[in-house]
Structures are given as C-alpha cells and as structure tokens.
Undergrad: 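Got a structure here, written out as structure tokens. Questions coming.
Letters go in sequence order (proteins before strands), and every chain restarts at 1.
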Number of protein chains: 2
Amino acid sequence: MSDIKTGINPLFLREEELRQGIELLFFAYRDFTAEPDAILGEYGFGRAHHRVIYFVGRHPGITVSDLLDILRITKQSLSRVLGQLVTEKFITQRPGLRDRRQRLLELTEKGVELERLLTERQRARIARTYREAGAEAVEGFRKVMLGLVDEADRGRFPTRAAGPRRGG
Amino acid sequence: MSDIKTGINPLFLREEELRQGIELLFFAYRDFTAEPDAILGEYGFGRAHHRVIYFVGRHPGITVSDLLDILRITKQSLSRVLGQLVTEKFITQRPGLRDRRQRLLELTEKGVELERLLTERQRARIARTYREAGAEAVEGFRKVMLGLVDEADRGRFPTRAAGPRRGG
DNA sequence: GTGGTTAAGTCAGTCATGTTGACATATATG
DNA sequence: CATATATGTCAACATGACTGACTTAACCAC
C-alpha cells in the first residue's frame, strides 16, 4: 500500500518478475531446441538422439551409467535411441579397460559430423546472444542458470576463474 | 598461438564457453521441470497440462489461437489436454464477446489452486536463485535469456523500466 | 571358487504428447 | 451469398518416456 502513487505493488512486482523468469525458461528452451529438432527429423531422429549424441561427443568414452545419470531417463528409454545410433554407425561401443562390463561410448566420424551440424545452430544462437548481451550479462546468466540446476550437478560446470578471460 | 604459455587456446575457451551455455540450458530445464512433473503425475496429467494451465492462468480469457501460438503445437495436440482440463473442471470456456467463434479460456477456482501448487515450486526455485545471485546477475540472466528467444516473441517480455506495455 | 553385486541389455506392455490429414460447425466479413 | 476464420473432431501414427521382469557377463568379497 505504500505504492499508491505509482500504482505498483512491490509484491506484484516480485510475482511478475518470477513469472517472467519461468516464461523466459519456457520460451528460450522452446526456441533453442526448435532448429536442431527440424534437422533431426530429416534423419528420422528425435530430440532424444540429439541429447545422446551431444553428451557422448562431449564426454568421449562415457559409460552408459554416466549417460543415464545425465539424462535422467531409464535404461530402456536410452536403449532404443542408443541402439539406433549404434546400428546406424553414429556411435561405437567398446568394452572398458578396467571394467569390461562397461560399454564405453564414442562418436564415429559420422557421429561427429551430425553432432556438429546439430549443435552448430545452438552454438551460433548462444554466441550471437552472448555477443549482444556483453560479458557482464553472460556472467550473470551463468550464475543464475547454475543456481537453477540441482546442487548435485553443479560440479559439471567448473569455473574458469583463474585463467585469462578472453585472450582473442 | 598466443596462449602457449598458459596452454589455453582462446578458440577452445570460446567453444567450451558455448558448450557450457548449451548444457546450462539442458540441466536447468531438466531440473526446473522435474518437480512439477512429479506432482502432475498424481493428477494423471503431464507437462503439457501444466503449460496450458500456466498460460491460461497467466492470460485469463486467452483464445485457443493465442495459446497455440505460445505453445507451438497443433490444435489436435492441444485439444486433448485442454479437453481433459475442461472436462475435469480446471478450465472453463466462454464465447468471445466481439467474436463469438472464440472460446475464451479461464482457470476455475480448482484450476487456480493447481496452477499455484505446480508453479509454486518453480517460483520458489527462481526466487531462491535470484536472491543468491543478486540483482545484477538477474539482469544479465534476463538479458541473455531474452536474446535466446525468437525475436517475434520478445515483446512478451516488457521491460518494467519503460512503463506498462500491455494494458492487461 | 562360490555367491552376491553391478553394468548393461532385452522383452513386453503402457502412457503422454507430439504429428498429418481430412472433415465439420459456427461465425465473421467482404 | 461466398469465402475465410476460429474451433473442434476423428483417425492413424511416431516418439520418447515409463514399469516390471528377466538375462548375461563381469567384478568382488569371503
């Protein structure tokens, strides 16, 4: 009631601010995934394939268990997409050295190409946005996004605090 | 090659930065949706129901067309979830005044309750994160997220600096 | 080395949510 | 009146998630 003059209730402002946060996540994610989704369609793949290709590319030699931990889906769900990707030679499996029960996953040449094709759009979108928003905004973006991630997984994002910020 | 001393290639740094951006979106969205999803399960609903409830709650009296524009799904897809929500009395429909072909959507009391229950978790997560990250980081977050959204939809996020954009 | 645990895979069935395509109805508009 | 628009519906299908039960191979502890 202290805002009668401006007509803006600070509680409403907070509510509005939080809702905008929710919606930013919805719209950004919607648009962020739309481009790769369209490309995936041409291959008869879906978003699940992209995720698998992405994280195998990101962590060459990753185990199935670790991939399941990231994706938070069941092994039966993963099995289908992974099976396709292996059959169609986008991903190879080889037994682990220390533990031969493991099937270490890696992208083939073909897999690397597809990964690049798919992720390229997303990288470009982020690069453009980062450039337009500026370093300070990017820092804030990272901070908030990291705070939204479950604590257990925040360790996946090492801070590069020590090194040179942007040499090029 | 100017980074031989540190062993850090600036191009690699950039690549790493962009990939972290991609992954922040993945992990944040994954964890942001997990809590409501669990609650929805108890009602026999899914994430699609949440989206409908959310945006109808956000824009009382919204038309089906406008809702479709937001969700970017087909009317057949929407029809199923919307039909359920109307049947189970979470949402009401009434004909438009100017255009009686329209079915203006609104949450019922029951719908408002469920919306609150679902979104409460997400608001809490964002509120906590905003608090921990600080106002400056939040500003950066908003700036970058908005940049990731397709230009066509950026107008949905009025800056509260320049006065009321859409009269509500 | 036997036995329990773990990593991974498989088979089968189900559900939620998206798609296309064709068609129906009511209302608006030129 | 003719056409376009807003909405809804029926049908068929694909994707990606789920549960539950079971198998195989390898690891590990006793």
Side-chain angles (χ1 to χ4, degrees), chain A residues 26 29-30 33-34 36-56 61-88 91-106, chain B residues 26 29-30 33-34 36-56 61-88 91-106:
Chain A
F26 169 76
Y29 197 78
R30 183 198 68 176
T33 49
D37 281 1
I39 298 170
L40 285 158
E42 298 166 20
Y43 287 77
F45 291 155
R47 195 178 295 176
H49 298 84
H50 187 190
R51 292 203 269 250
V52 170
I53 287 180
Y54 178 86
F55 283 108
V56 170
I62 191 175
T63 65
V64 172
S65 302
D66 287 348
L67 190 50
L68 287 174
D69 283 343
I70 289 176
L71 299 177
R72 296 242 182 110
I73 59 175
T74 60
K75 63 178 173 177
Q76 294 93 325
S77 294
L78 174 58
S79 173
R80 193 173 1 183
V81 285
L82 183 55
Q84 285 176 270
L85 290 169
V86 169
T87 299
E88 301 187 28
I91 287 180
T92 54
Q93 299 170 307
R94 58 180 167 83
L97 289 176
R98 281 169 311 205
D99 187 338
R100 282 180 306 168
R101 290 171 305 180
Q102 297 175 334
R103 306 271 186 102
L104 308 186
L105 306 174
E106 265 174 34
Chain B
F26 170 76
Y29 197 78
R30 184 197 68 176
T33 50
D37 281 0
I39 298 171
L40 286 157
E42 298 167 18
Y43 287 76
F45 291 155
R47 196 176 296 176
H49 298 84
H50 187 190
R51 292 202 270 250
V52 171
I53 286 179
Y54 178 86
F55 283 109
V56 170
I62 191 175
T63 66
V64 171
S65 301
D66 286 349
L67 190 50
L68 286 173
D69 283 344
I70 289 176
L71 300 175
R72 297 240 182 111
I73 58 177
T74 60
K75 63 177 174 177
Q76 294 93 326
S77 294
L78 174 58
S79 172
R80 197 172 1 191
V81 285
L82 184 54
Q84 285 176 270
L85 290 169
V86 169
T87 300
E88 302 188 26
I91 287 180
T92 54
Q93 300 170 307
R94 59 181 167 81
L97 289 176
R98 280 169 311 208
D99 187 336
R100 282 181 307 170
R101 289 172 304 179
Q102 296 176 336
R103 306 273 186 101
L104 308 187
L105 307 174
E106 265 174 35

Undergrad: Answer with base, sugar-phosphate or nothing: what part of the nucleic acid does B:Gln84 contact at a heavy-atom distance below 4.0 Å?
TA: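 Here B:Gln84 touches no strand at all.
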Undergrad: C:dC15 P sits how many Å from B:Glu42 CD, rounded?
TA: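 Whole-Å distance recorded here is 18 Å.
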Undergrad: Quick one: side-chain hydrogen bond (donor to acceptor under 3.5 Å, both in side chains) pairs with a partner in residues 38-47 of chain A, sequence neighbours left out?
TA: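 Residue pairs passing side-chain hydrogen bond (donor to acceptor under 3.5 Å, both in side chains), neighbours aside: A:Thr33-A:Arg47, A:Asp37-A:Arg47.
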Undergrad: Can you tell me how far P of D:dG8 sits from CG of B:Leu104, to the nearest Å?
TA: 11 Å
Undergrad: CZ/A:Arg103 to CZ/A:Arg94 distance, rounded to the nearest 0.5 angstrom?
TA: 13.0 Å
Undergrad: Provide, to the nearest angstrom, the distance between the NE2 atom belonging to B:His50 and the C1' atom belonging to C:dT17.
TA: 16 Å
Undergrad: If you look at every strand shown and take non-hydrogen atoms under 4.0 Å, does A:Gly44 touch a base, only sugar-phosphate, or nothing?
TA: sugar-phosphate
Undergrad: Without decimals, in angstroms, what is the distance between A:Leu40 CG and D:dG16 C1'?
TA: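 Atom CG in A:Leu40 sits about 13 Å away from atom C1' in D:dG16.
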Undergrad: Specify the separation, in whole Å, of atom CG of B:Leu82 and atom P of D:dA6.
TA: 17 Å
Undergrad: Please give, in whole Å, the distance from C:dG9 P to A:Leu67 CG?
TA: 10 Å
Undergrad: If the cut-off is 4.0 Å, is B:Arg103 near the phosphate of D:dA6, judged by side-chain N/O to OP1 or OP2?
TA: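 B:Arg103 to D:dA6 OP1/OP2: no side-chain N or O under 4.0 Å.
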Undergrad: Between atom OG of B:Ser65 and atom NZ of B:Lys75, what is the distance when rounded to the nearest 0.5 Å?
TA: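 It is 9.5 Å, given to the nearest 0.5 Å.
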Undergrad: Taking the six-membered ring for Trp, is the centroid-to-centroid distance between B:Phe26 and A:Phe55 below 6.0 Å?
TA: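 They qualify: ring centres under 6.0 Å apart.
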Undergrad: What integer distance in Å separates A:Ile62:CD1 from C:dA7:P?
TA: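 Result: 14 Å.
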Undergrad: Take atom CG of B:Leu68 and atom C1' of D:dT5, then tell me their distance rounded to the nearest Å.
TA: 14 Å
Undergrad: Taking N or O atoms only and anything under 3.5 Å, show me the protein contacts with nucleotides 18-20 of chain C, one pair per line.
TA:
unit_1, atom_1, unit_2, atom_2, d
C:dG18, OP1, B:Arg51, NH2, 2.8
C:dG18, N7, B:Arg80, NH2, 2.7
C:dG18, O6, B:Arg80, NH2, 3.4
C:dT19, OP2, B:Thr74, N, 2.7
C:dT19, OP2, B:Thr74, OG1, 3.0
C:dT19, OP2, B:Ser77, OG, 3.1

Undergrad: Working to the nearest 0.5 angstrom, can you tell me the gap between B:Leu78 CG and B:Thr74 OG1?
TA: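 Answer for the CG-OG1 pair, B:Leu78 versus B:Thr74, is 8.0 Å.
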Undergrad: Mind checking the CG-CG spacing from A:Leu82 to A:Leu67? Nearest 0.5 Å is all I need.
TA: 7.0 Å
Undergrad: Could you tell me whether a side-chain N or O of A:Arg30 sits under 3.5 Å from a main-chain N or O of B:Ile70, the two making a donor and an acceptor?
TA: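 Checked: pair present.
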Undergrad: Who pairs with A:Phe45 by ring pair (Phe, Tyr, Trp, His ring centres under 6.0 Å), at least two apart in sequence or on another chain?
TA: A:His49, A:Phe90
Undergrad: I need the A:Gln102 CD to A:Ile62 CD1 distance, nearest 0.5 Å.
TA: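 So the CD of A:Gln102 and the CD1 of A:Ile62 are separated by 11.0 Å.
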Undergrad: So, using side-chain hydrogen bond (donor to acceptor under 3.5 Å, both in side chains) as the criterion, who are the partners of A:Asp99 when residues are at least two apart?
TA: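 Applying side-chain hydrogen bond (donor to acceptor under 3.5 Å, both in side chains) to A:Asp99 gives A:Arg101.
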Undergrad: Whether B:His49 contacts C:dT17 is assessed here as follows: a side-chain N or O lying under 4.0 Å from the phosphate OP1 or OP2. Is that the case?
TA: yes
Undergrad: Quick check: closest heavy atoms across B:Arg100 and B:Pro95, and the distance to 0.1 Å?
TA: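 Nearest heavy atoms, B:Arg100 then B:Pro95: O-CB, 4.1 Å.
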Undergrad: Between the protein and nucleotides 25-27 of chain D, list every N/O to N/O distance that falls short of 3.5 Å.
TA:
unit_1, atom_1, unit_2, atom_2, d
D:dC27, OP1, A:Arg100, N, 2.9
D:dC27, OP2, A:Arg100, NH2, 3.3

Undergrad: Note down the inter-axis angle between the two ends of the helix from C:dG1-D:dC30 to C:dG30-D:dC1, five pairs each, to the nearest 10°.
TA: 30°
Undergrad: Nearest 0.5 angstrom please: B:Arg98 CZ to B:Leu104 CG, how far?
TA: 9.0 Å
